[in-house]
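Working notes for the structure below.
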Amino acid sequence: MTNLVTLAELGGPLVVIGGAAYVRHASPAAYWSTVGLPLSMARLLASYSSTMDACGLTVEPSRLRALAVRATTRREVRPVPPRRGIIRPTSTGLRMRLRLVPGQEPADVAASAERLRHAWGVHAVHVRDVKPGVVELRLVGFDVLRKVRMPRRSDSHPLQVPVALREDATAFVRDYRTVPHELVLGATLSGKSMYLRNLVTGLASQPVVLVGIDCKRGVELAPFASRLSALATDPDQAAELLPVLVKEMEDRYDLIKTRQGIAPGTAEELITSDIWGLPEDERPAPLVLFIDEVAELFMVATRKEEERRDEMVTQLIRLAQLGRAAGIYLEVCGQRFGAELGKGATMLRAQLTGRVCHRVNDEASAKMALGDIAPEAVQASCAIAPELPGLAVVGDTSGGWSRIRTPYISLADAAATCRATAHLAPDLPALNPFRPFVPALPDVAPGSMATARLVPE
């Protein structure tokens, strides 16, 4: 009888522990809000001074403070930790600001981030420099990249798309005004197409001209044909489309020179302004060119194809070098992108400021994307597991990098968004010959699974 009573008494706590473990695995956000947040905050408040001392983030107090402590109390004069600000709980972790003591720098706190993570029982600790003498600690309570949920609040600005979630639970915003051109690398099934899909749907609701080059017969970009102003599905069509884009860029430069009173014969390299300085009623719509599997534009088999390749590469380099001021931006995607593709490949890559590297098959591919801007990010990109599609390492020419993951969006939902926003596509007469043909959707009977096929013209 005594054993039965003991088991009954233990049953309740065991059920609670088992339920907490299940919630932690099935819904990390709910577990953090109910259990993880109070525990981590208690650890932080109880061990703040000792943890800072153990991490080497304390300094000897000033003479005035030491004299005041000795005069008013008999306590031992202890080292001083950084002054802590208000702790702000969030749905994914905690945030607080630290005022550094004299002699410290943000790098000292960043070097101790791993120790702070273990001491306070959180998933990760990220350090951000706010202003001189002040840093912000962002404590993440669980792995936010395992199941991506984008922040509900996101500022919407022209040519800015919140396309992925960073590992510190903030949104990664693709800002074309700040980073005009980008290179996206990734092996098959790494999530490269999902990244592109989120970009297209994010830009679809803005007055932006969207142009696509998809040499896989259009299988990636054809579903978005209703929102695209032009689509090339093979190298031959791309060879006809690129000169039109270069001509459009030159016409925009002429418009800028005419408006600002610059002589028509002035070289483009001497023009420092751009289309954003024009009046709104005269400003041409920005244009984003998506290139999927860029290697297909470089591959040749005959001498004639080699001449065509050289011409296309030259036009791409011109768009990358001069397109920003004309409001033309490039999004170049591929599995590999290096010197082995041929003449002009490395020169084009040097113009692509933004870099996104998904899972790759070898270290050399990661070095192509990140080796020249953030060498320490190469190993991080090589460690991406195949079970995490959409996970990538993003960097830019400033040397900073972070891990991101793209949220899932189905192809049907992305295509529906493009159909709903087709009327927002700006009119660009020069691209009318390349506009893809979009048949009208047939009336589908209830329960039928028939769908319309989007076939490029």
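The first residue in the sequence is number 1, and the count goes up from there. Keep in mind that this is a model prediction, so the values were computed, not measured.
- The shortest side-chain heavy-atom distance between Cys382 and Glu363 falls under the 4.5 Å cut-off.
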query: Could you go step by step and tell me if Leu145 and Leu388 meet the side chain to side chain contact (heavy atoms under 4.5 Å, CB included) rule?
result: CA-CA 9 Å; Leu145 299 183; Leu388 296 174; over 6 Å; no
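- Within the model, atoms CD of Glu306 and CE of Met299 stand 14.5 Å from one another, a figure rounded to the nearest 0.5 Å.
- Of the possible donor and acceptor atoms, one in the side chain of Ser381 sits under 3.5 Å from a partner among the backbone N and O of Val378.
- Residues Glu250 and Lys247 are not paired through a salt bridge, judged by the lack of any N-O separation under 4.0 Å between the basic side chain and the carboxylate.
- Using a 30° and 60° split on the angle between ring planes, Tyr329 and His181 fall in the tilted class, from 30° to 60°.
- Here the shortest heavy-atom pairing between Ala422 and Ser226 reads CB-O, 3.3 Å.
- Using a 4.0 Å cut-off between a side-chain N of Lys or Arg and a carboxylate O of Asp or Glu, Asp274 and Arg252 do not qualify as a salt bridge.
- A donor-acceptor contact shorter than 3.5 Å links the side chain of Ser410 to the backbone of Asp413.
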task: Might you work through the side chain to side chain contact (heavy atoms under 4.5 Å, CB included) test for Arg115 and Val125, ending with a clear yes or no?
output: CA-CA 9 Å; Arg115 296 182 180 183; Val125 175; over 6 Å; no
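- Here the closest non-hydrogen pair linking Met150 and Pro407 is CG-CG, 3.8 Å.
- Panel note: side chain Arg355, backbone Gly395; no donor-acceptor pair is recorded below 3.5 Å.
- Between Val144 and Phe142 there is a side-chain heavy-atom pair separated by less than 4.5 Å.
- Considering only heavy atoms from C-beta on, Phe290 comes within 4.5 Å of Leu210 through its side chain.
- In plain terms, the two heavy atoms of Gly202 and Ser205 that are nearest each other are O-OG, 3.5 Å.
- Taken from CG in Leu139 to CG in Leu37, the straight-line distance is 10.5 Å, to the nearest 0.5 Å.
- Taking CE of Met249 as the reference point, atom CG of Leu287 lies at 11.5 Å (rounded to 0.5 Å).
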Under 3.5 Å, which donor-acceptor pairs link side chains of residues 44-57 to any protein atom two or more places apart or in another chain?
residue	atom	partner	partner atom	Å
Ser47	OG	Arg43	O	2.6
Ser47	OG	Thr51	OG1	3.4
Tyr48	OH	Pro82	O	2.5
Ser50	OG	Ser47	O	3.2
Thr51	OG1	Ser47	O	2.6
Asp53	OD1	Thr58	OG1	3.1

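- Distance OG1/Thr201 to CG/Asn198: 5.0 Å, rounded to 0.5 Å.
- In this structure, Arg138 contributes its side chain and Arg95 its backbone to no donor-acceptor pair below 3.5 Å.
- Considering only heavy atoms from C-beta on, Ser365 stays 4.5 Å or farther from Gln335 through its side chain.
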query: Given the rule in the side chain to side chain contact (heavy atoms under 4.5 Å, CB included) test, do Leu431 and Leu245 qualify, once you have shown the distances and angles that lead to the verdict?
result: CA-CA 8 Å; Leu431 298 179; Leu245 296 178; 3.9 Å; yes
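- Among all heavy-atom pairs drawn from Arg309 and Leu297, the shortest one is CG-O, 3.3 Å.
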All N/O donor-acceptor pairs, side-chain side in residues 182-193, below 3.5 Å, sequence neighbours left out:
residue	atom	partner	partner atom	Å
Glu182	OE1	Arg174	NE	3.1
Glu182	OE1	Tyr195	OH	2.9
Glu182	OE2	Tyr195	OH	3.4
Ser190	OG	Ala187	N	3.3
Ser190	OG	Ala187	O	2.6
Lys192	NZ	Gly186	O	3.0
Ser193	OG	Glu220	OE1	3.2
Ser193	OG	Glu220	OE2	3.2

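- Using a distance-only test at 3.5 Å, with no hydrogens or angles considered, no donor-acceptor pair links the side chain of Thr170 to the main chain of Arg166.
- Taking the side chain as every heavy atom from C-beta outward, Trp32 and Thr92 never approach each other to under 4.5 Å.
- When atom types are taken as modelled, the side chain of Glu167 and the backbone of Ser402 share no donor-acceptor pair closer than 3.5 angstrom.
- Using a distance-only test at 3.5 Å, with no hydrogens or angles considered, a donor-acceptor pair links the side chain of Arg227 to the main chain of Ala204.
- Side chain of Arg405 to main chain of Pro389: a donor-acceptor pair is present (N/O by atom type, distance under 3.5 Å, no hydrogens or angles).
- At a threshold of 4.5 Å between non-hydrogen side-chain atoms, the residues Leu94 and Pro89 count as touching.
- Taking CZ of Arg149 as the reference point, atom NZ of Lys147 lies at 5.0 Å (rounded to 0.5 Å).
- Considering only heavy atoms from C-beta on, Tyr176 stays 4.5 Å or farther from Val208 through its side chain.
- Side chain of Asp214 to main chain of Leu221: a donor-acceptor pair is present (N/O by atom type, distance under 3.5 Å, no hydrogens or angles).
- Between the side chain of Arg349 and the main chain of Met368, a donor-acceptor pair closer than 3.5 Å is present.
- By the 4.5 Å heavy-atom criterion applied to side chains, Trp401 and Leu370 are not counted as neighbours.
- Shown here for Leu241 and Ala230, the closest heavy-atom pair between the two residues is CD1-CB, 4.1 Å.
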task: With side chain to side chain contact (heavy atoms under 4.5 Å, CB included) as the test, would you mind laying out the steps for Leu319 and Leu242 before giving the verdict?
output: CA-CA 9 Å; Leu319 289 174; Leu242 287 173; 4.1 Å; yes
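- Across all non-hydrogen atoms, the minimal contact from Ile275 to Pro284 is CD1-O, 3.8 Å.
- Rounded to the nearest 0.5 angstrom, Gln321 CD and Leu348 CG are separated by 9.5 Å.
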